[in-house]
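Written out below as structure tokens is the structure these notes cover.
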Amino acid sequence: MTALLKEMPSHIVQGDDDFTYKVFYRACGFVLEIGVKPPSELGFGTMVWDAALGLCQYFEEQRMRFSQRKVIELGAGTGILGILTVLLGGDVTITDKPELLKRIERNVSVNIPSSCRPRVKVCALSWGDDHTLFPSDYDFILGGDIMYSRASVPLILKTLQHLSNERTIIYFASTMWINRNLISSGYQTLSQYFDSDLVYRNKDKYVNVYRMTKKTPSDGDRVVP
Ligand SMILES: C[S@@+](CC[C@H](N)C(=O)[O-])C[C@H]1O[C@@H](n2cnc3c(N)ncnc32)[C@H](O)[C@@H]1O
């Protein structure tokens, strides 16, 4: 089976309410140390999902760099993808629900050298709720395994519509076995408003990476009023 990233032996963490394990990944020449905890009352965001790893692997294969690029990650969970994007030069806003931010901050502080700290922000962003507090000039929007519930699709759509402009590139990844029909129907909804291409697939882990850009009114397609 093809691993998504080189995962190194993990450590059990004793006496830490935030993390049960430290997991180490090698990506794009960096070793990332990520604190994780099994899903709990905080939901699914306390562990690393294969979609985040799939995007890290895609960035590695494409030798992507984000220097001078403004990036926002939605539903960041542990923050691993946003952290890698900062290390690759990006000016990155890592977002999730408020209750996840303390753990993301901890992972950021372990992995991001102080010289890069001015390029990272960790902020609460609940889809379809407080997205309008953020600007619309991002170069990239990232999301790993955030399209897993039918109810969240219209919220994510609203959020993407606000955060993006016609130059914004959106990379979303999904672990398709979670619920292939539901996930596909979510991407189908987004494809009414965004041009979408499948750019990468890890067949063993069943992870797809999609690249999306906003349709403009001249495309003759529907645009959310
Ligand atoms: C399956 S986890 C994926 C975490 C991470 N992206 C990864 O791939 O490892 C989904 C994430 O979406 C976040 N989330 C769920 N509903 C949300 C909402 N309405 N607004 C913002 N974030 C949300 C969760 O807190 C969680 O971190």
Side-chain angles (χ1 to χ4, degrees), residues 3-5 7 10 18-25 27 32-60 71-86 92-108 111 121-134 140-163 170-180 182-183 186-187 189-190 200 202 205-210:
L4 278 161
L5 278 183
E7 190 175 330
S10 53
D18 292 337
F19 299 135
T20 316
Y21 296 98
K22 292 268 168 146
V23 190
F24 297 82
Y25 297 95
L32 306 175
E33 175 187 326
I34 304 296
V36 301
K37 191 178 170 149
S40 61
E41 72 287 352
L42 293 168
F44 297 119
T46 52
M47 50 186 271
V48 175
W49 288 73
D50 279 347
L53 299 180
L55 271 165
C56 292
Q57 194 174 51
Y58 177 68
F59 291 174
E60 181 167 286
V71 184
I72 187 164
E73 182 182 7
L74 305 178
T78 62
I80 182 172
L81 179 63
I83 287 168
L84 180 64
T85 310
V86 176
V92 184
T93 302
I94 301 177
T95 73
D96 206 304
K97 293 178 176 175
E99 57 270 28
L100 272 301
L101 302 188
K102 180 175 136 205
R103 287 169 178 79
I104 297 175
E105 288 279 12
R106 282 190 63 186
N107 283 329
V108 164
N111 290 282
K121 285 192 221 97
V122 177
C123 302
L125 190 167
S126 295
W127 314 323
D129 190 2
D130 44 14
H131 55 284
T132 53
L133 301 175
F134 293 78
F140 293 93
I141 302 174
L142 309 177
D145 272 335
I146 62 172
M147 300 273 287
Y148 56 90
S149 116
R150 206 172 294 284
S152 67
V153 172
L155 307 180
I156 291 173
L157 174 60
K158 224 182 203 182
T159 304
L160 290 180
Q161 283 286 346
H162 173 77
L163 297 176
I170 301 164
Y171 285 117
F172 270 17
S174 289
T175 310
M176 302 305 286
W177 61 256
I178 292 175
N179 188 336
R180 190 189 169 87
L182 191 151
I183 294 169
Y187 281 107
T189 301
L190 294 190
Y200 175 81
N202 180 298
K205 295 285 185 181
Y206 210 6
V207 171
N208 288 353
V209 174
Y210 297 91

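First listed ligand is number 1; within each ligand, the first listed atom is number 1.
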Quick check for students: name every N or O atom pair between ligand 1 and the protein closer than 3.5 Å, with distances.
{"from": "ligand 1", "atom 1": "6 (N)", "to": "G75", "atom 2": "O", "distance (Å)": "2.7"}
{"from": "ligand 1", "atom 1": "6 (N)", "to": "G144", "atom 2": "O", "distance (Å)": "2.8"}
{"from": "ligand 1", "atom 1": "8 (O)", "to": "G144", "atom 2": "O", "distance (Å)": "3.2"}
{"from": "ligand 1", "atom 1": "9 (O)", "to": "W49", "atom 2": "N", "distance (Å)": "2.9"}
{"from": "ligand 1", "atom 1": "20 (N)", "to": "W127", "atom 2": "N", "distance (Å)": "3.0"}
{"from": "ligand 1", "atom 1": "25 (O)", "to": "D96", "atom 2": "OD1", "distance (Å)": "2.7"}
{"from": "ligand 1", "atom 1": "27 (O)", "to": "G77", "atom 2": "N", "distance (Å)": "3.4"}
{"from": "ligand 1", "atom 1": "27 (O)", "to": "D96", "atom 2": "OD2", "distance (Å)": "2.6"}

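Counting non-hydrogen atoms of neighbouring residues, nucleotides and ligands closer than 6.0 angstrom, the OH atom of Y187 exceeds 12 such neighbours.
The aromatic rings of Y58 and Y200 lie tilted to each other, with the angle between the two planes from 30° to 60°.
Paired with L163 under the rule side-chain contact (heavy atoms from CB on, under 4.5 Å), one option of T95, I141, T132, T93 passes, and it is I141. L125 pairs in a side-chain contact (heavy atoms from CB on, under 4.5 Å) with only one of the listed residues (I72, L133, D96), which is I72.
Scanning both residues, C56 and I80, for their nearest heavy atoms gives SG-CG1, 4.5 Å.
Counted by atom type alone, D145 and T175 present one or more donor-acceptor pairs between their side chains at under 3.5 Å.
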